[in-house]
Amino acid sequence: QLQFVESGGGLVRPGGTLTLSCAASGFSLDDRAIGWFRQAPGKEREGVSCISAADSSPYYAHAVKGRFTISRNSSKETVYLQMNDLKAEGTSVYYCSVLIREYYRAYFCPVTLPKKYDNWGQGTQVTVSS
């Protein structure tokens, strides 16, 4: 059974830094990509970043490129999202999820397509406010 536990959210001032963790179980990070998504109240879920299964290539949404860094520790089955220079519009619930089996061991992950992911975690709240 595929499961995810997100952690690391909290309250941070604009310009601050948070690092989120996604602990995965039930599969190998070497086989399937992981994506980070966020959803603000009243808005659709949007892609933030993903990391490919085959070679850990990172992909970022335009809004976070240059400020966020995704990484993984396969031995711990954990994916991290370091978020620097956070902005108020980053206030959301952040979720991690696994790319569908169609992309098994792919060298690519579609960061902007939440519908290509399933088995969502419970999310972790990030609030950026002064």
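All residue numbers in this chain count up from 1 along the given sequence.
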Asker: Out of curiosity, does Tyr117 fall in the hydrophobic cluster containing Val48 (side-chain heavy atoms, cut-off under 4.5 Å, transitive links)?
Answerer: no
Asker: Tell me whether Leu29 is reachable from Tyr95 by hopping between hydrophobic residues (I, L, V, M, F, W, Y) whose side-chain heavy atoms are closer than 4.5 Å.
Answerer: no
Asker: Return the CZ to OG distance between Arg13 and Ser130, rounded to the nearest 0.5 Å.
Answerer: 7.0 Å
Asker: Is it true that a side-chain atom of Glu77 and a backbone atom of Ser28 form a donor plus acceptor pair closer than 3.5 Å?
Answerer: no
Asker: Using a strict cut-off of less than 4.0 Å between a Lys/Arg side-chain nitrogen and an Asp/Glu carboxylate oxygen, indicate whether Asp118 and Arg101 qualify as a salt bridge.
Answerer: no
Asker: Would you indicate whether the side-chain heavy atoms of Val12 and Met83 approach each other to under 4.5 Å?
Answerer: no
Asker: Mind checking whether Trp120 and Phe37 have ring centres under 6.0 Å apart?
Answerer: yes
Asker: Would you indicate whether the side-chain heavy atoms of Glu6 and Tyr94 approach each other to under 4.5 Å?
Answerer: no
Asker: Please list, chain by chain and in numerical order, all residues satisfying side chain to side chain contact (heavy atoms under 4.5 Å, CB included) with Thr127, sequence neighbours excluded.
Answerer: Leu11, Thr91, Gln125, Ser129
Asker: Arg38 and Gly90: which non-hydrogen atoms are nearest, and at how many Å?
Answerer: NH1-CA, 3.7 Å
Asker: In Å and rounded to the nearest 0.5 Å, what is the CZ to CG distance from Arg32 to Leu99?
Answerer: 7.5 Å
Asker: Measure the spacing between SG of Cys50 and CD1 of Ile34 and express it to the nearest 0.5 Å.
Answerer: 10.0 Å
Asker: Find out whether Cys109 and Tyr103 are in side-chain contact, i.e. whether some heavy atom of one side chain is under 4.5 Å from a heavy atom of the other.
Answerer: no
Asker: Is a side-chain N or O of Ser49 found less than 3.5 angstrom from the main chain of Tyr59, in a donor-acceptor match?
Answerer: yes
Asker: Test of understanding: with side chain to side chain contact (heavy atoms under 4.5 Å, CB included), list the residues that count as partners of Glu102, not counting sequence neighbours.
Answerer: Ile100, Lys116
Asker: Do you know the tightest heavy-atom contact between Gly47 and Ala61?
Answerer: O-CB, 3.4 Å
Asker: To the closest 0.5 Å, what do you measure between CG (Leu18) and OG1 (Thr124)?
Answerer: 8.5 Å
Asker: Rounded to the nearest 0.5 Å, how far apart are CZ of Phe68 and OG1 of Thr17?
Answerer: 9.5 Å
Asker: Between Phe27 and Phe4, does a ring-ring contact (aromatic ring centres under 6.0 Å, His included) hold up when you go through it step by step?
Answerer: CA-CA 11 Å; Phe27 68 101; Phe4 307 93; 5.7 Å; yes
Asker: Please check: side-chain N/O of Tyr60 versus main-chain N/O of Ile70, any donor-acceptor pairing under 3.5 Å?
Answerer: yes
Asker: Tell me, yes or no, whether the heavy-atom count around Gln122 atom CD, taken from other residues, nucleotides or ligands under 6.0 Å, exceeds 12.
Answerer: yes
Asker: Under 3.5 Å, is there a donor-acceptor pair between the side chain of Ser57 and the main chain of Ser52?
Answerer: no
Asker: How many angstroms lie between CD1 in Ile51 and SG in Cys96, if you round to the nearest 0.5 Å?
Answerer: 12.5 Å
Asker: How about Lys76: does its NZ atom have over 12 heavy atoms from other parts shown lying under 6.0 Å from it?
Answerer: no
Asker: When clusters are formed by joining ILVMFWY residues with side-chain heavy atoms under 4.5 Å apart, either directly or through shared neighbours, do Val111 and Val64 land in the same one?
Answerer: no
